4 protein chains.
Amino acid sequence: MPDPTRRSERSRHAILTAAHELVGEVGYRKLTIEAIAARAGVGKQTIYRWWPSKGAVVLDAMLATVSDPADLALPDTGDVDADLRGVVHAIVAELADPTLSGTSRALMIEIQEDPGLAESMVERILGPNLAAIADRLRAAQDAGQLRRDLDLSVAVEMIVGPLYHRWLLRTAPLTPAYADTVTDLALRALAPDRLAPHGEDRLE
Amino acid sequence: MPDPTRRSERSRHAILTAAHELVGEVGYRKLTIEAIAARAGVGKQTIYRWWPSKGAVVLDAMLATVSDPADLALPDTGDVDADLRGVVHAIVAELADPTLSGTSRALMIEIQEDPGLAESMVERILGPNLAAIADRLRAAQDAGQLRRDLDLSVAVEMIVGPLYHRWLLRTAPLTPAYADTVTDLALRALAPDRLAPHGEDRLE
Amino acid sequence: MPDPTRRSERSRHAILTAAHELVGEVGYRKLTIEAIAARAGVGKQTIYRWWPSKGAVVLDAMLATVSDPADLALPDTGDVDADLRGVVHAIVAELADPTLSGTSRALMIEIQEDPGLAESMVERILGPNLAAIADRLRAAQDAGQLRRDLDLSVAVEMIVGPLYHRWLLRTAPLTPAYADTVTDLALRALAPDRLAPHGEDRLE
Amino acid sequence: MPDPTRRSERSRHAILTAAHELVGEVGYRKLTIEAIAARAGVGKQTIYRWWPSKGAVVLDAMLATVSDPADLALPDTGDVDADLRGVVHAIVAELADPTLSGTSRALMIEIQEDPGLAESMVERILGPNLAAIADRLRAAQDAGQLRRDLDLSVAVEMIVGPLYHRWLLRTAPLTPAYADTVTDLALRALAPDRLAPHGEDRLE
DNA sequence: AGGTAACCGAGACGGTACGTCGAGTCTTATG
DNA sequence: CATAAGACTCGACGTACCGTCTCGGTTACCT
C-alpha cells in the first residue's frame, strides 16, 4: 500500500517506455520484468510496487501510447454502412500491424488467466472502443435505420465478433474484404423489418 | 529422431491424462512439464522426446478426450433455427464447463504464439466443428432457406464469432440467451430477401 | 556532520532499546536496520545519521544496559582463589544467559570485521573488565601470593582465555566446574615457586 | 534429498576452488553464492543442492586445501616444551596470515549463529587439531612430565585458550613471544607437584 | 514574531543478493 | 535403445535490505 502522491513520475514514464520498446523488440513472451527494470534504470521493486503483473505494465504501456479517448468516436456522416466500414477497417489494420498485434495478442492471453487484468482491460480499452461503435449505432437507431428493439452491445458484437474470431482462432486470414462482408451481413440483421415498417419489431 | 515403433503406449497415455488433469487443476499458465512428468510417473525426457512444446501435449490431451468426429454432425430436422440453437447451446455449455473450458482456453492461448500449433488446432479441432455447422447451413441453403450467394464459412462465423468474442474477451457473460439472440440475428442476416423472393439476392 | 545538541533523546533511547530487544529475538545476523527503525518508530535516516554501522548501534545498546564501572571491581577478601571464582562464575553466568549472551556474541562477531569497532569495544567494555581482574591479581602479587615477574595482562588471559575459548569455539559446554578447574590450574601457574621460596622466581 | 552417488565431481571441485579464490579476493563478508556459482561455471541450484549455507561451502573449501590429517600430529622429541612451542608458533603464524585468518575469522562468526556449522567445524577442524595436542600431552603425562589427574582437553585449552582470546577479542597483538609465555605458564600449571613427587596429585 | 535551518517519521528510490522454480539438456541404471 | 529418475546450466522470479534521497511536520535558534 504505497503512497501514490510520492510516486516518481520519472520512473513511471521510464518503465512504460521501456516496456513498450521491449515488447516490440523481443515480444511479450520473452519480455521480463528484469529487462524492463534494467532498460528503465529502475529497481525491480519499483515495478512490483506499482503494478501487480507484467500484463498490467504492458497494458499501461499500451494505454500510454494511445491518444485521448475523444478520437475513438466514430464520425456520423448519416451513412451507417460507410461509418462502420471505417472502424472495421481500422480494427483490421491494427490487428494486422505486427507490433500492436503482438502486444494485443499477449494481453488477450493474459486475461484468459487473470480476471483482474481482464476487468481493467475491458474497462480501459475494449469497453471504450465498443462503446464508441455502440454510440454510432444508437444514432442510427434513433434515425430509424436500425431496429428499435436492439440490445446495442449485442449489435456491436455481431460486427466485431467475427473479426476477432478470425484473429484469435486463426481459422482464416483477417482481411478488409472479410470485414466488409461481415459488416454488410450484420447491418442486414440489424435493419428494421422491411415488410412491417409501421409495426413493432420484436426480437426474441 | 526417435523411433515411434518403440514408443511406450503406457507413458503416452499417462502423460496425456496427467496433462488433462493438471490443466483443469492449476490452469494452463501454471502447468509445467515437470508437473506433468511427475504426475505421469514419467521422465521429463520422455515428454521432450515426443512433443515439441507444452501446447502440443495439451492439444493431444484434448483430442484424446474428444469423441469420434461422426457425432459432430448436426441433426437436420428441417428447422434451421432449432438445429442451430442445439449447437450454440452445446458450445455455450462447453465453454462454461470449467474443465473443458480450461483446456480450450489453454489452447487458445498457445496458438496465439505458435502458428504451427494454430494450424494443427484449426485442422484437427476447430475446422471439423465449424465444417459441421457449415454443412447444416448448406442443407438449409439448398432448401432455399438461406441466401444463395453466401460464403458459408463467413455465415458460420456470424454465428460463432460473437460467442467466442464474449468468451475470450470477457466483456460480458456468455449465456444461452445471448446465444439465442445472436442466432436469431444471424439467421435474419442470412435469410433470403423477403421483399424480392423471386429476384436475385445479391450480397456485395 | 549533524548537530548533537539537537539530537532527539527519545529516538536515541528507542533505537537502543529496539536493537537490544531484537538482537535477543532474532540474533545478530538477522538483525536489520530496517527492523530496528520500525520497532523504534523511527526513520531509517535517524539511525544512519548517528551510527556508522549496525555493530555500533548494538555496542551502544549493550553499554546502555551495562551498569556503572564501579561495580566491576572484585572484592578483596585476601583469598585470591575465592575472589577469582566469583568473577569467573559471573562470566560463565553472563555468557550462559541467552539475552546477554546474544548481544555479546553479536559484538564478538562484528569486531571480527570492523577493527574500529573492535577498538572501542576493547576500550569501553573488555578493557575495564579485564583491568578489574588484573587489579585483584596485582593486590595478590603485592601480598606475595603470586610470582613477582608476572605480566598481569597475560595472567588475566590465562584465566579468561580458556573460558572464552569454549564459549566462542563451542568445543565443549562452558560450566562453572570448568571455570573452577581453569582457575585452579591458572593459579598454580601463577603461584611463586614453592621449592625455592627465598630465590628469585624467573619466568622467561 | 539428492542422490550423492550421482553428484558431479567436476562441479564440486569447481565450486570449492572458486570459493577459496573468492574468499581470498573479496573477503568472506562480500563473498556471495552468486559469485561462486558464476566463477565456478555452475548453476546456483547446484550449490544450494549440496550445501546448506555459505559457511558450509567455505568450510569445505578450507578443508580441501588442508592436507591429510596425519601431519597434524606433533613431533615427540621428548621435550614437551619444545614440541608445544612448535604448535603454538604454527597457530600464531596461521592466525596472522591475512588470507587464512580472514576465512577462519569468518567461520568463527558463522558458528556463532549456526549450531550445525559449529558442530561440523569442531568435528572436522578444531577437534582434530586440539586432539593432536592432547595426544602429545598424553605422552608427556605417561612419561611422568605432567600431573596424572589432568583432564587433557582442559590442559589443551589452557594453552590455546589465551591465544584465541587475543585473536578473537583483539585486546592485544598475538605474537610468538606471547605464545611462548603462555606455554611456559601453562606447563608450569600442568607439571606434577614438585614437593610431593611420590604422592597422589589431586586437582579439584 | 518570523524566518530558516536542522532533526524527525515516513517511505520511495536504485541496487544487490537472496533462495526458489522451471526450462531444456545430459547422464546413469534398468528393462 | 526407450525409459524413469534426476542432476546439471541457465535465467527469471518475487522478496528483503541496503544506504541514499525526497517529502512534510515540528522544534529551536537567529535575527
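Just so we're clear, the structure is a prediction, and the values are computed from it rather than from any experiment. For the numbers below, each heavy atom of this structure counts, side chains included, while hydrogens, waters and symmetry mates do not.
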Round to the nearest Å and state the distance from D:Ile47 atom CD1 to F:dC8 atom C1'. 13 Å
Per atom distances to the B:Val42 side chain, the nearest of F:dC13, F:dC10, F:dA4 is F:dA4
Send over the distance from D:Asp3 CG to E:dT30 C1', rounded to a whole Å. 15 Å
Under a 3.5 Å threshold, yes or no: a donor from one side chain and an acceptor from the other, between C:Glu110 and C:Tyr28? yes
How long is the line joining NZ of C:Lys30 and C1' of E:dC18, in whole Å? 13 Å
Determine whether D:Gln112 and D:Leu107 satisfy the following criterion, side-chain contact (heavy atoms from CB on, under 4.5 Å), listing intermediate values before the conclusion. CA-CA 9 Å; D:Gln112 301 305 317; D:Leu107 289 174; over 6 Å; no
For F:dA2, take OP1 and OP2 only and decide whether either is under 4.0 Å from a side-chain N or O of B:Ser8. no
Rounded distance in Å - CZ (D:Arg12) to P (F:dC8): 12 Å
Categorize B:Ser11 for me: base, sugar-phosphate, or nothing, with a 4.0 angstrom heavy-atom threshold over every strand shown. sugar-phosphate
Is any side-chain N or O of A:Trp50 closer than 4.0 Å to OP1 or OP2 of E:dC13? yes
I'd like to know if A:Lys44 reaches the base of F:dG14 with its side chain such that a donor and an acceptor end up less than 3.5 angstrom apart. yes
So for A:Arg6 and F:dT22, does any side-chain atom that can act as donor or acceptor lie under 3.5 Å from a complementary atom in the base? yes
For the side chain of C:Ile33, starting at C-beta, report the closest nucleotide among F:dG19, E:dA17, E:dG15. F:dG19
If I take atom CD in residue A:Glu9 and atom P in nucleotide F:dC23, what distance separates them, rounded to the nearest angstrom? 14 Å
Here the distance between atom P of F:dA16 and atom CG of C:Leu31, to the nearest Å, is 17 Å
Phosphate oxygens OP1/OP2 of F:dA28: is one of them under 4.0 Å from a side-chain N or O of C:Thr5? no
Kindly say whether, by distance alone, the side chain of A:Arg7 makes a donor-acceptor pair under 3.5 Å with the base of E:dA12? no
Base, sugar-phosphate or nothing for B:Arg10? Non-hydrogen atoms, less than 4.0 Å. sugar-phosphate
Provide, to the nearest angstrom, the distance between the CD atom belonging to B:Glu34 and the C1' atom belonging to F:dC10. 14 Å
Is D:Arg6 positioned over the aromatic face of D:Trp50, cation under 6.0 angstrom from the ring centre and no more than 45 degrees off axis? no
Examine distances only and state if a side-chain atom of D:Lys54 and a backbone atom of D:Thr32 form a donor-acceptor pair shorter than 3.5 Å. no
Please give, in whole Å, the distance from E:dG19 P to D:Ile36 CD1? 11 Å
Judged by nearest nucleotide, the residue sitting upstream toward the 5' end of DNA chain F, D:Thr46 or C:Tyr48, is D:Thr46
Can you tell which of E:dG15, F:dA7, E:dC18 lies closest to the side chain of D:Arg49? F:dA7
Between A:Gln45 and C:Gly41, who's closer to the 5' end of DNA chain E by nearest nucleotide? C:Gly41
B:Arg39 and B:Glu21: CA distance, side-chain angles, deciding distance, side-chain contact (heavy atoms from CB on, under 4.5 Å) verdict: CA-CA 9 Å; B:Arg39 168 82 60 107; B:Glu21 289 171 9; 2.6 Å; yes
Does the distance from a Lys or Arg side-chain N to an Asp or Glu carboxylate O, for D:Arg170 and C:Asp114, drop under 4.0 Å? no
